[in-house]
There are 2 protein chains.
Amino acid sequence: MTKYVYLFKEGKASMKNLLGGKGANLAEMTSLGMPVPQGFTVTTEACNDYYAKKKVISPEIIAQIDEALAVTEKAAGKKFGDPNDPFLVSVRSGARASMPGMMDTILNLGLNDVSVKGLAKLTNNPRFAYDSYRRFIQMFADVVMEIEKANFEHLLETMKHKKGVELDTELDANDLEVLVQQFLKKYEELKGEPFPQDPKVQLIEAITAVFRSWDNPRANTYRRLNNIPYEWGTAVNVQGMVFGNMGEDSGTGVAFTRNPSDGTKELYGEYLFNAQGEDVVAGIRTPKPISELKSDNPKLYDQFVDISGKLEAHYRDMQDMEFTIERGKLYMLQTRNGKRTAQAALKIAIDLVEEGVLTEQEAVLKVEPAQLDSLLHPQFNPESLKSAKVITTGLNASPGAATGRVAFTADRAREMKAKDGLPVVLVRQETSPEDIEGMIVASGILTSRGGMTSHAAVVARGMGRCCVAGAGAVHVDEKSKEFEVNGEIFKEGDWISLDGSTGKVYGQKVETQDATVSGDFAKLMAWADKYRALDVRANADNPRDAKVAYNYGAQGIGLCRTEHMFFEADRIMAVREMIVSKTVQERERALAKLLPMQREDFIGLYKEMKGYAVTIRYLDPPLHEFVPTEKDDIEALAKDMGLSYEELQTTIDELHETNPMLGHRGVRLSITYPEIAKMQTQAVIEAAIQVNKEGMHVVPEIMIPLVGEVKELQYVKQVVVETADRIIKEAGVDLKYYVGTMIEIPRAALLAEEIAKEAEFFSFGTNDLTQMTFGFSRDDAGKFLGDYYEKKIFANDPFAHIDQLGVGKLMKMAVEDGKKTRPNIKLGICGEHGGDPISVEFCHNIGLSYVSCSPFRVPIARLAAAHANIKNPR
Amino acid sequence: MTKYVYLFKEGKASMKNLLGGKGANLAEMTSLGMPVPQGFTVTTEACNDYYAKKKVISPEIIAQIDEALAVTEKAAGKKFGDPNDPFLVSVRSGARASMPGMMDTILNLGLNDVSVKGLAKLTNNPRFAYDSYRRFIQMFADVVMEIEKANFEHLLETMKHKKGVELDTELDANDLEVLVQQFLKKYEELKGEPFPQDPKVQLIEAITAVFRSWDNPRANTYRRLNNIPYEWGTAVNVQGMVFGNMGEDSGTGVAFTRNPSDGTKELYGEYLFNAQGEDVVAGIRTPKPISELKSDNPKLYDQFVDISGKLEAHYRDMQDMEFTIERGKLYMLQTRNGKRTAQAALKIAIDLVEEGVLTEQEAVLKVEPAQLDSLLHPQFNPESLKSAKVITTGLNASPGAATGRVAFTADRAREMKAKDGLPVVLVRQETSPEDIEGMIVASGILTSRGGMTSHAAVVARGMGRCCVAGAGAVHVDEKSKEFEVNGEIFKEGDWISLDGSTGKVYGQKVETQDATVSGDFAKLMAWADKYRALDVRANADNPRDAKVAYNYGAQGIGLCRTEHMFFEADRIMAVREMIVSKTVQERERALAKLLPMQREDFIGLYKEMKGYAVTIRYLDPPLHEFVPTEKDDIEALAKDMGLSYEELQTTIDELHETNPMLGHRGVRLSITYPEIAKMQTQAVIEAAIQVNKEGMHVVPEIMIPLVGEVKELQYVKQVVVETADRIIKEAGVDLKYYVGTMIEIPRAALLAEEIAKEAEFFSFGTNDLTQMTFGFSRDDAGKFLGDYYEKKIFANDPFAHIDQLGVGKLMKMAVEDGKKTRPNIKLGICGEHGGDPISVEFCHNIGLSYVSCSPFRVPIARLAAAHANIKNPR
């Protein structure tokens with residue numbers, strides 16, 4: 001028979017998966033002999049059983065609850081529902097990981113119309129008894145029965161108003177007794193049945209409500225964003241009540257063993273006398289700092305300090321604790337590893353090493369990689385954010401916070417910024433290469449169209465600029481210099497603010513605070529570097545991004561998208577000339593114009609990377625991305641190029657593709673136009689020769705995209721090698737270079753053994769590999785992914801975390817098969833997954849050599865790589 | 001040391017891979033003691049070595065050639081280059097399979113300015129000697145040196161004109177001697193060096209030319225179309241010359257042991273006295289029927305009949321032979337299994353069984369499945385085709401030949417056809433569902449846009465209607481009722497003709513002949529059915545197609561694309577209503593209108609299939625395919641639907657997708673709108689109940705498309721099962737049905753073990769699986785596939801034959817993994833590969849249960865399945 005219910009004294013901290021975090025820690029504190037009101041935990045397995053049985057708690061589990069309750073009653077010397085001395089309990093959810101969005105606590109469960117009188121008599125404190133009962137009714141109605149809290153708060157307010165008082169505590173026992181009657185009546189009115197008087201019924205209803213809350217929409221969203229499996233389930237903790245509201249010798253509070261904002265080693269927290277837990281957070285009465293307890297009650301304070309110290313030492317981490325004082329006696333209600341800011345996380349981890357508590361590896365594991373993001377981008381000032389109003393939400397295309405005045409064109413953005421130095425936010429329907437300089441001066445970019453791979457999103461991520469993309473409710477009218485969103489008009493110069501990490505747009509100025517990278521950061525990253533096996537490179541397309549990447553510790557460039565160089569204003573014309581060329585000669589003439597610019601690009605990159613490897617991906621996007629689509633622009637271009645409008649339009653029409661993602665792009669371009677690969681090779685090699693003459697030692701890595709068949713690579717590699725070797729020979733130098741391929745087409749992964757015969761390295765392009773393995777386009781999937789989450793078909797976004805079962809299977813095949821042919825083949829990843837900690841761990845586990853990600857995610861990847869190697873050393 | 005050169009007497013028929021077909025058969029005839037001029041074969045491995053060594057014949061091979069030549073000279077009692085009695089040879093290519101497009105024959109090699117005189121003296125026939133030399137010079141110049149033949153023909157014509165004669169044979173020895181001088185001069189003039197006088201040089205040049213011709217564009221195209229690997233290489237046959245042009249007691253001819261047109265058992269062929277091989281085919285002199293040889297030379301005739309009989313008996317197949325008579329002595333120059341029409345192939349195969357020569361299985365293998373195509377579709381009359389002019393070429397979208405008068409709209413097509421019964425060809429930019437009835441009355445369809453998966457192509461293939469699609473040079477002007485192609489205008493009513501098997505469009509009427517299915521066909525197909533293991537089903541979307549499929553022997557429907565039913569004129573409005581619905585209720589209301597129509601569709605299908613399985617695929621295409629794109633049409637629709645233009649335009653805009661192939665379609669639609677799956681289930685099940693009440697026994701197979709994750713299938717299957725079981729229960733009947741999925745997303749193949757937990761059958765959708773595995777869109781790949789063939793990256797079109805290495809690897813994984821979960825899982829294929837013989841063989845080999853193809857390819861698939869099982873029995 002499965003054991004579904006554990007007494008606190010039967011559990012321990014290591015049983016977190018079964019008992020949830022809260023239950024396991026209550027058990028652990030019990031076994032440490034700390035003052036914990038006794039109780040029991042209904043396991044996560046019971047939750048799964050509840051769902052498997054179509055939302056019914058089985059009689060078997062109920063029997064086990066009854067049994068555990070009997071033991072707990074006996075220990076407390078009280079009986080559930082006893083009219084004279086009722087045993088009261090709290091019911092709390094407790095999943096394996098802390099889960100906001102789930103059910104709140106229910107206190108005082110077990111009270112009813114009869115036992116409230118017993119409690120009043122027993123405690124000789126009718127005010128306390130009725131206050132406890134009215135709180136219980138309201139909580140039960142709210143969280144168990146889903147009756148709006150406001151119904152009861154309204155009654156409370158009316159009573160306070162009637163009595164002419166401001167605080168709940170100013171109501172006396174009679175007032176509260178009346179209020180209880182009003183609450184019970186309201187409950188019956190709204191629910192259609194009386195408030196349950198049987199404590200056992202109350203208990204099972206409350207436990208059911210906890211289980212049910214595991215599947216509510218907020219919990220589901222939180223799980224998806226935090227990659228928590230639905231299958232984990234939640235546990236429920238039933239604990240004997242202790243009362244902080246029994247008078248001035250009672251109280252309740254929360255405290256951290258260290259300051260969770262900055263990590264300072266100090267007891268940090270607050271408490272309230274004569275209150276229950278909810279009062280501390282409700283904000284009606286102002287709690288006192290924990291330090292004042294020292295003077296209020298030195299003995300208790302010392303006891304609490306002692307317990308705090310023991311807990312931190314025991315768990316070897318900063319603790320977040322809840323406690324209650326009942327008539328002068330201290331009870332611990334919860335302890336857990338405390339949440340902390342990134343800055344605090346760094347300081348605490350480092351201090352704990354210095355204190356001799358943690359090893360360096362353990363300290364590294366204490367800092368969540370994803371948390372570093374907030375150190376690397378500006379954030380909103382939390383105070384200033386409180387009064388800000390969200391006007392719409394778009395895609396969280398590039399993280400960070402931005403505030404500034406609206407500008408609708410790149411030119412205006414520059415002018416406005418130049419004039420007074422105040423920040424601007426560039427607002428556009430979508431951005432194009434012409435907007436680059438506006439994007440550089442802007443604090444943030446807001447677009448009304450385009451997805452996570454749109455121009456705005458990709459470029460903004462690359463430069464670490466905050467971006468909210470595809471905010472469909474925003475209607476931009478560039479001519480009248482305004483945008484409308486849900487009926488509200490914003491004009492040029494109006495302040496707005498963007499949160500690129502959530503996609504929220506605020507309709508006013510919100511103060512931001514700059515990214516802060518302290519010495520702790522460097523220290524912890526040094527440890528991370530010491531313990532990781534994966535190299536970390538960056539995706540960078542220009543010297544500006546490369547410099548950021550280098551400063552953030554990138555050990556090379558894993559992906560330079562050469563086409564981004566093509567988009568820049570001074571080149572796009574030559575690119576377009578190349579595209580509309582009708583003969584090889586015309587095309588070569590246009591390419592010749594691009595050659596010196598590409599060469600300079602590469603020289604810049606090589607120099608910034610100071611000898612680290614630079615992987616250069618050859619032209620990838622379909623050519624139509626480079627040509628204009630609007631009539632006016634086409635006319636202008638035709639004029640510039642000496643073509644008739646019709647000629648140019650025909651060429652543009654011919655470039656149209658039904659499914660551009662699956663069209664004439666990547667290596668396919670080099671096969672049709674080998675002269676492009678020739679020009680790019682010339683630029684790569686000549687730049688390397690020049691830089692090496694200046695004393696560096698660059699070994700370029702030439703990467704051919706979108707290969708699905710070894711003969712494609714063979715063909716282009718031959719063009720590359722012939723060109724490169726000729727130039728090297730003519731220059732009379734020694735230059736090593738590599739030619740490799742991206743693995744981003746399923747067929748390439750399936751035939752990796754063949755492809756490795758030509759490829760000197762593989763770099764997994766997991767964006768495209770995910771699109772093709774799933775058969776959906778990232779640009780279009782937004783339409784149905786919402787349904788997929790809601791219907792629990794996908795637990796999370798396969799573009800955020802590598803799909804280990806499908807895409808990952810292909811990757812593993814490719815790694816194994818590639819090594820069969822070329823045992824030392826260099827293996828990397830350059831899709832956006834390269835900056836996702838979970839995916840980095842996967843890459844470590846399947847044996848890649850490096851990950852490559854956007855410059856601003858390099859530290860995250862370094863730390864994630866360290867985590868992976870500490871957990872599963874190579 | 002590898003043996004690269006074999007004397008004829010060292011080889012045998014089974015060495016075809018090494019010696020090529022011609023070489024192996026010359027060796028076989030030699031070993032049979034037949035009169036074959038001796039010689040040797042340079043192997044296919046030598047050809048591969050030539051390419052491996054960057055187009056150089058290695059000294060080792062040259063040494064082996066020298067050696068073989070010496071042996072051959074010795075046997076002939078002559079010496080190469082002997083001024084008095086020169087040994088002359090022919091040089092012919094000979095690949096493993098017969099390969100038009102490769103190098104022609106070179107005769108008389110070994111002659112030079114000196115030996116021609118010796119030959120004249122020795123034969124006492126200067127005319128013969130000079131005639132031989134001038135032929136050799138011209139052939140050598142043409143095929144070895146790639147000098148235009150016309151240069152020499154012009155000199156010959158001038159000479160004939162000067163002499164006032166018409167035939168070459170009327171020129172005398174002197175004329176020819178002069179002509180030889182002119183030829184030599186012309187050669188030197190054009191080539192910049194004198195004609196090679198050293199016979200060894202001539203020989204090596206000629207062998208090199210044969211090797212080189214293996215890689216010429218025509219050969220490459222032929223190989224791709226006939227799936228012949230480039231790696232096979234060609235052999236070269238060097239054979240002692242015998243002369244049919246030594247006078248009236250000499251001659252040359254070709255003959256078949258049976259009539260290659262209709263299969264009649266009779267010696268069939270023709271010959272010419274005093275001629276060399278080329279004269280027979282050149283058409284200047286009219287050859288005599290072979291039967292006349294009987295009276296011309298009864299002894300020789302009897303000898304030839306005897307040899308023919310022996311060869312056919314030996315090879316157990318109809319033979320195609322070449323022979324030469326030199327001064328009254330018969331020599332055999334070649335024998336091979338003769339090419340024949342489909343009709344002849346059937347008759348010969350059946351006759352050979354009746355004659356006790358072949359077993360039924362062997363006879364089945366003698367008929368090429370692809371050849372049956374010509375029996376199932378109308379073909380052009382070859383005579384009428386001779387004078388037809390190709391005006392442009394499009395995609396060969398649906399096979400067969402069609403001729404008719406141009407109509408530009410479906411309505412006009414019907415009117416024109418109704419008026420006089422004469423055939424029409426529907427010419428449109430692209431077709432849409434509204435054109436269906438025009439397509440039904442038309443003999444053929446020509447479109448200027450759209451690929452192999454366009455509406456026109458798919459629908460035409462389904463109905464077996466000839467279609468040329470995407471003929472980009474055709475500019476349709478519907479309003480002025482004309483189209484322009486390369487400057488030529490065709491108006492409504494003008495005759496054009498289409499060849500749907502080649503994509504050619506002819507600018508006039510070309511007579512067609514109907515498909516002819518004889519009794520032989522039925523007999524052979526019965527044998528095929530007896531020996532195959534794979535079932536053959538058809539892809540059919542309506543009762544009309546289902547009937548054709550049933551009559552062609554389909555054992556069920558493997559794919560009914562329900563959306564094709566949605567396109568029909570009376571339904572499209574309800575479909576559009578469903579699409580623009582904003583709520584589930586609105587959508588259900590529109591679906592309720594479609595329900596009775598769908599139910600009738602299925603009743604019709606079930607009835608036509610008479611109890612065979614019918615696999616119904618649920619709605620698959622993205623919804624925007626159903627809505628209009630032109631402003632006028634949108635306005636009309638908006639009016640019909642009681643919407644404003646803007647509302648409808650907004651809805652349509654929202655449906656737009658960047659990559660529709662990878663968009664909101666297939667199972668994704670059913671997840672967003674489960675009510676569609678509900679309606680379709682109701683129609684499928686109610687139709688089955690009704691038909692079964694009438695005494696049939698239908699077991700519907702419900703197929704969910706585009707599944708990539710088991711939870712997708714789980715979700716939709718639950719909707720299906722709940723709906724179906726409720727209806728079955730309410731009807732109080734017993735009805736079995738299956739729910740399965742297509743495997744067309746790479747991830748589905750990778751996770752087949754999981755997916756088989758829900759899927760009761762798999763059907764490989766190899767069209768989409770190919771697109772996603774390769775990462776290219778069939779609609780767009782046309783732009784670059786030409787480059788891929790030209791640069792030998794792809795040997796052939798992966799949409800024509802399953803890519804066994806990549807897509808096939810996924811299929812094999814899915815078969816193996818699916819069986820792990822569900823050992824008896826039914827496995828089929830419903831992509832267009834299901835009708836391709838090579839792919840059918842692959843499907844047999846990996847253990848599928850059935851293939852499904854378009855109705856008109858069912859016989860081809862049946863025969864291909866028999867071939868597969870005879871070659872590799874299950």
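In what follows, every chain begins at residue 1, and chains take the letters A, B, ... in the order their sequences are listed. All heavy atoms count here, side chains included; hydrogens, waters and symmetry mates do not.
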Between [options], the one whose heavy-atom pairs under 4.5 Å with chain A are most numerous:
options	answer
B:Ile793, B:Ile671, B:Leu810, B:Val807	B:Ile793
B:Gly472, B:Pro622, B:Pro746	B:Pro746
B:Glu709, B:Arg668, B:Glu744, B:His656	B:Arg668
B:Val710, B:Thr773, B:Asp787	B:Thr773
B:Asp768, B:Leu706, B:Leu751	B:Leu751

If you measure from [atom1] on [X] to [atom2] on [Y], what distance do you get to the nearest 0.5 Å?
X	Y	atom1	atom2	value
A:Leu662	B:Asp780	CG	CG	7.5 Å
B:Met772	A:Phe776	CE	CZ	11.0 Å
A:Leu750	B:Phe774	CG	CZ	10.0 Å
B:Arg778	A:Thr658	CZ	OG1	13.0 Å
B:Phe784	A:Arg665	CZ	CZ	10.5 Å

Go through the atoms of [X] and report whether side chain, backbone, both or neither lie under 4.5 Å from a heavy atom of chain B.
X	answer
A:Leu655	backbone
A:Glu654	backbone
A:Pro798	neither

Task: Residues in residues 712-722 of chain B near chain A [non-hydrogen atoms, under 4.5 Å] - done: B:Glu712, B:Tyr715
- [ ] Among A:Gly806, A:Gly708, A:Ser777, A:Gly786, single out the residue with the greatest number of heavy-atom pairs under 4.5 Å to chain B.
- [x] A:Ser777
Open item on the list: Surrounding CZ of B:Arg224 (heavy atoms of other residues, nucleotides or ligands, distance under 6.0 Å), is the total greater than 12?
Closed with: yes
TODO: Sequence neighbours left out, what passes side chain to side chain donor-acceptor pair (under 3.5 Å) with A:Arg617? Give chain and number order.
DONE: A:Glu563
- [ ] Report the residues that fulfil side chain to side chain donor-acceptor pair (under 3.5 Å) with A:Tyr789, sequence neighbours left out, ordered by chain and then residue number.
- [x] none
Open item on the list: Show every side chain to side chain donor-acceptor pair (under 3.5 Å) that has at least one partner inside residues 792-803 of chain A, sequence neighbours left out.
Closed with: A:Asp215-A:Lys792, A:Asn227-A:Asn796, A:His801-A:Asp836, A:Asp803-B:Arg747
Closest non-hydrogen atom pair, [X] against [Y]:
X	Y	result
B:Asp817	A:Lys809	OD2-NZ, 3.8 Å
A:Lys791	B:Pro674	NZ-CD, 3.9 Å
A:Val667	B:Tyr788	CG1-OH, 4.1 Å

TODO: Without swapping roles, check the side chain of B:Asn659 against the backbone of A:Met661 for a donor-acceptor pair under 3.5 Å.
DONE: yes
